[in-house]
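Below: the structure, in structure tokens.
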Amino acid sequence: MPSRIPLPAFCCFLLPWAFTSFHKALGNPAPHPGPHYLLPPIHEVIHSRRGATATLPCVLGTSPPSYKVRWSKVEPGELRETLILITNGLHARDYGLLGGRASLRRGHRLDASLIIKNVRLEDEGRYRCELINGIEDESVALTLRLEGVVFPYQPSRGRYQFNYFEAKRACEEQDGRLATYGQLYQAWTEGLDWCNAGWLLEGSVRYPVLTARAPCGGHGRPGIRSYGPRDRSRDRYDAFCFTSALAGQVFFVPGRLTLSEAHAACRRRGAVVAKVGHLYAAWKFSGLDQCDGGWLADGSVRFPITTPRPRCGGLPDPGVRSFGFPRPQQASYGTYCYAEK
């Protein structure tokens, strides 16, 4: 006679299977067999501005017997992470990636949140908080996103002069950094329409089109046109730069000045001739509106418009207008100065 499974034993076998199947039928995962120490963040994207203090949350729901928390930054376009600090809950070691501006919040004994003081442009990106307890490691990922403005940039020699490394340096010289694809996309949704292709931080080359037209990739749908990844040393394009809020102030000095006279005029006022990134940031964050062309530090002449009107550039949308790169000896313009507060 075949042996029969006693009813109590059969139920013990059946119930776990039924419970798991029920969860799958509902589309919910079965309960995790082990402990979960890290609480999921309420917001995975943290918004901040340059110069502010940002807090990236990482909180334990309960404390393992022995553990370490490791903070790192995921480098854009690279398959590596750079260590920021490690703590065992009592002591923390800073590895210097953020120049001593990183610390733990320590709001309570289970708080391992990261504080970044005086946020810089290069701090934007993806961060990882990893709990290491020797049994089952866990991690949460957060993104620090800066409010800012993207501006296209080319030198006085004309368009398509930069390889990737030159574009990166050019943005830094203009108080910015190469924009990411996400920043360019955000700028496109806010009205950026530009027909010249430019480098992005990830090494790709793209340009944003709001009004589709023949010289800008044809009459298809608006969007971000892409040339894909390009050779960083050989290929040459413009740059898309990103900058954020200023610590200082941009102001206009009227006159009919040469470029050297513009530098002298700003120095007399305890300032320097503004960079392109300074002017864009003042336009974006301070509402600077000035219908007068002024010299900038790179030798270009521009002016910012927040309220479009006749005889102020002739365009219907707000923006920073450009007169290009006049001869430095041409005494026709005022200047925009930048002073630290």
Side-chain angles (χ1 to χ4, degrees), residues 38-59 70-85 97-99 101-105 111-130 139-153 167-168 171-172 174-192 194 198-204 206-208 210 223-224 226 239-247 276-278 280-287 318:
L38 290 181
L39 299 178
I42 297 175
H43 301 291
E44 295 183 357
V45 178
I46 309 302
H47 295 271
S48 187
R49 289 184 178 185
R50 177 167 56 177
T53 296
T55 300
L56 306 182
C58 184
V59 179
R70 178 182 186 270
W71 273 102
S72 59
K73 187 169 189 254
V74 183
E75 300 299 336
E78 302 178 27
L79 298 177
R80 67 185 182 92
E81 297 184 12
T82 304
L83 188 60
I84 298 173
L85 61 76
L97 171 68
L98 300 179
R101 295 178 293 113
S103 61
L104 292 175
R105 183 171 63 181
D111 187 7
S113 301
L114 184 71
I115 293 178
I116 303 175
K117 296 179 180 178
N118 190 23
V119 170
R120 299 177 182 173
L121 296 177
E122 61 268 24
D123 295 339
E124 177 164 296
R126 195 161 179 80
Y127 292 78
R128 188 183 307 279
C129 174
E130 184 179 13
S139 68
V140 295
L142 302 117
T143 298
L144 178 61
R145 185 166 297 163
L146 270 61
E147 298 176 40
V149 58
V150 172
F151 59 94
Y153 189 73
K168 187 172 183 291
C171 288
E172 291 167 356
Q174 297 307 315
D175 191 54
R177 70 187 301 236
L178 275 177
T180 65
Y181 171 76
Q183 290 164 346
L184 183 66
Y185 184 90
Q186 178 71 25
W188 171 70
T189 66
E190 294 173 355
L192 182 60
W194 196 256
W199 289 103
L200 296 178
L201 184 62
E202 300 88 349
S204 65
R206 306 173 192 258
Y207 62 98
L210 272 178
I224 307 292
S226 176
F240 285 106
C241 306
F242 173 84
T243 193
S244 187
L246 295 172
V276 177
H278 291 152
Y280 270 91
W283 166 74
K284 174 74 172 181
F285 293 103
S286 302

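Quick note: numbers below take in every heavy atom, side chains included, and nothing from hydrogens, waters or symmetry partners.
Remark: Arg128 engages Glu81 in a salt bridge (charged side-chain N to carboxylate O under 4.0 Å, His left out) (not counting sequence neighbours). Partners of Glu44 under the side chain to side chain donor-acceptor pair (under 3.5 Å) rule, at least two apart in sequence or in another chain, do not exist in this structure.
Proximity of a side-chain donor or acceptor of Ser113 to a complementary backbone N or O of Cys58 within less than 3.5 Å is detected.
Rounding to the nearest 0.5 Å places CZ of Arg126 at 12.0 Å from NZ of Lys73. Going from atom CG of Leu98 over to atom CG of Asn118 covers 11.0 Å, rounded to the nearest 0.5 Å. Atom-to-atom distance recorded for Leu104:CG and Leu85:CG is 5.0 Å, nearest 0.5 angstrom. Taking CZ of Arg206 as the start and CD1 of Ile224 as the end, the distance is 8.0 Å to the nearest 0.5 Å.
Using modelled atom types and a 3.5 Å distance limit, the side chains of Arg50 and Ser244 yield no donor-acceptor pair.
No more than 12 heavy atoms of other residues, nucleotides or ligands shown are found within 6.0 angstrom of CH2 on Trp194. Around atom OH of Tyr185, no more than 12 heavy atoms belonging to other residues, nucleotides or ligands sit under 6.0 Å away.
Asp175 and Leu121 make their closest contact through O-CD1, 4.0 Å (heavy atoms, listed as atom of the first residue, atom of the second, distance). For Arg101 against Asp123, the heavy-atom pair with the smallest separation is NH1-OD2, 2.8 Å. Across all their heavy atoms, Thr243 and Ala281 have their closest contact at CG2-CB, 4.1 Å.
Of the candidates His47, Lys284, Gln186, Arg49, Arg49 is the only one forming a side chain to side chain donor-acceptor pair (under 3.5 Å) with Glu147.
Proximity of Leu144 to Leu146: side-chain heavy atoms (C-beta onward) are separated by under 4.5 Å at one or more points. At least one side-chain heavy atom of Thr53 sits less than 4.5 Å from a side-chain heavy atom of Ile115.
Ring geometry for Tyr280 against Trp283 counts as perpendicular: the plane angle is over 60°, on a 0 to 90° scale with 30° as the lower cut. Taking the six-membered ring where tryptophan is involved, the planes of Tyr153 and Phe151 are perpendicular, since the angle between them exceeds 60° and thus also 30°.
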